[in-house]
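Read the structure below first, then the notes.
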Amino acid sequence: MKKIAVGVVSAMVGGAMLLTGGTATAQTRAASVEIQDISPNPVVVPKGGETTAYIKVNASSDIEKVTVKVRPEGNTFRALTDKTVNHQSWRFSTVFNDNDYDGKWSAIAEAFNKDGKKVAEDTAYFSVDVEEGGKSDTRITRFNADPYKVRKGKNIYFSGRLQVDDDGWEGVRGEKVDIYYRANGHSGWKWVASGKTQWGGKFYAKTRAWKSGTFKAVYEGSDELNSSESGRDYVRVVRWH
């Protein structure tokens, strides 16, 4: 779940943007404020990193103070402090990290006169794109083909556990694990069965025994998980006498 980080403002630099803010509204004819630029837009945040967004605001000459606050849709505001470049231009910036909300954000500039009364306001919109990290590593543990000696035509049962490295190894549920077989005297592997992982990453499968050989479990991976392969287990198949 994304959390809202606390922002601190420093300086601002210009850049390209796409704004959809409304026009400034003023309580007096002369007073006005306008968000001129938000850069970059979208704000792309690398996994594990930070990106600074810059906001440029212009105001009419009768404005004594400008404030800017930003927020993701449906969440609380993050107030920014300003750096006045000249009497009619203010620059703002705030840092986004990978804990911030991914999606649409709004920026609101408010202008105040010398009496501290708000006389104008402007709103603009921008996006924050938090990049996903690389794929997580997986492993297959406790792979077993049972029994180790079986009569031809009988079942061989497979079991094991698929785990993901998520600050420690944890079971993965709902992923398909394939079982492959290599018969004695052959170099190629043949698919023979599949099983879905359950609670704790445990999976089960079975196949018929036809010839002695070696078995292994293979997880092909997903958009978020790397592939992995188990150790190998040998089964001896015997005929009826």
Side-chain angles (χ1 to χ4, degrees), residues 1-22 33-59 66-86 89-110 121-141 162-175 197 201 219-229:
M1 179 178 292
K2 299 296 180 183
K3 299 180 294 183
I4 306 305
V6 175
V8 178
V9 174
S10 56
M12 136 116 205
V13 296
M17 66 159 209
L18 176 63
L19 297 179
T20 58
V33 65
E34 180 185 7
I35 298 175
Q36 286 201 327
D37 189 27
I38 299 177
S39 178
N41 188 9
V43 180
V44 179
V45 182
K47 183 67 176 179
E50 295 181 340
T51 299
T52 302
Y54 302 94
I55 300 174
K56 181 180 180 182
V57 179
N58 272 17
V66 172
T67 64
V68 170
K69 51 189 176 183
V70 297
R71 70 171 178 182
E73 289 296 290
N75 285 276
T76 57
F77 281 106
R78 173 194 296 178
L80 312 185
T81 56
D82 66 283
K83 178 178 181 180
T84 304
V85 178
N86 58 51
S89 181
W90 281 260
R91 296 182 179 184
F92 302 78
S93 68
T94 186
V95 175
F96 293 87
N97 59 44
D98 60 4
N99 288 318
D100 275 312
Y101 179 85
D102 185 282
K104 185 178 179 181
W105 286 62
S106 59
I108 297 179
E110 297 178 325
E121 180 179 304
D122 190 30
T123 301
Y125 299 93
F126 63 101
S127 296
V128 175
D129 182 9
V130 180
E131 294 183 337
E132 296 295 330
K135 293 184 179 183
S136 298
D137 289 332
T138 65
R139 68 180 184 183
I140 297 175
T141 63
L162 176 65
Q163 296 178 314
V164 60
D165 186 5
D166 185 14
D167 294 326
W169 292 101
E170 299 178 359
V172 183
R173 184 184 298 187
E175 298 293 327
T197 57
Y219 172 60
E220 293 185 355
S222 68
D223 291 341
E224 299 178 351
L225 303 175
N226 284 321
S227 61
S228 56
E229 183 176 308

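With sequence neighbours excluded, the residues satisfying side chain to side chain contact (heavy atoms under 4.5 Å, CB included) with Glu229 are Lys216, Val218, Arg232. Not counting sequence neighbours, Arg173 has no partner by the side-chain hydrogen bond (donor to acceptor under 3.5 Å, both in side chains) test. When the side-chain hydrogen bond (donor to acceptor under 3.5 Å, both in side chains) test is applied to Thr138, the partners found at least two apart in sequence or on another chain are Ser228. With sequence neighbours excluded, no residue forms a ring-ring contact (aromatic ring centres under 6.0 Å, His included) with Tyr219. With sequence neighbours left out, Asn226 forms a side-chain hydrogen bond (donor to acceptor under 3.5 Å, both in side chains) with Asp137. Remark: Glu131 pairs with no residue by the salt bridge (charged side-chain N to carboxylate O under 4.0 Å, His left out) rule, at least two apart or across chains.
Atom CD1 of Ile55 is separated from atom CH2 of Trp90 by 15.0 Å, given to the nearest 0.5 angstrom. Remark: Glu50 CD to Thr94 OG1 distance equals 10.0 Å, nearest 0.5 Å. Here NZ of Lys56 is found 5.0 Å from CD of Gln36. Values are rounded to the nearest 0.5 Å. For the atom pair CG (Asn58) and CD1 (Ile35), the distance works out to 11.0 Å, reported to the nearest 0.5 Å.
Residues Ala53 and Pro40 share a closest heavy-atom pair of CA-CD, 4.2 Å. Considering all non-hydrogen atoms of both residues, Asn41 and Ser127 come closest at OD1-N, 3.2 Å. Nearest heavy-atom pair across Asp37 and Ser39 is OD2-CB, 3.9 Å. Closest approach of Tyr54 to Ser93, counting heavy atoms only: CD2-CB, 3.5 Å. Asp100 approaches Val130 most closely through the heavy-atom pair O-CG2, 3.6 Å. Between Leu225 and Val172, the shortest heavy-atom contact is CD1-CG1, 4.0 Å.
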Exercise. Start with the C-alpha gap between Trp105 and Val43, add the side-chain angles, then the distance that decides, and say whether side-chain contact (heavy atoms from CB on, under 4.5 Å) holds.
Key: CA-CA 10 Å; Trp105 286 62; Val43 180; over 6 Å; no
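Under the 4.5 Å side-chain criterion, counting only non-hydrogen atoms from C-beta, Trp169 is not in contact with Thr141. Within the 4.5 Å cutoff, no side-chain heavy atoms of Glu110 are placed close to those of Val33.
No side-chain donor-acceptor contact under 3.5 Å links Thr51 to the backbone of Phe96. Under the 3.5 Å distance criterion, the side-chain polar atoms of Thr197 are matched with a main-chain donor or acceptor of Gly174.
Counting heavy-atom neighbours within 6.0 Å of Glu224 CD, excluding the residue itself, gives a total of 12 or less.
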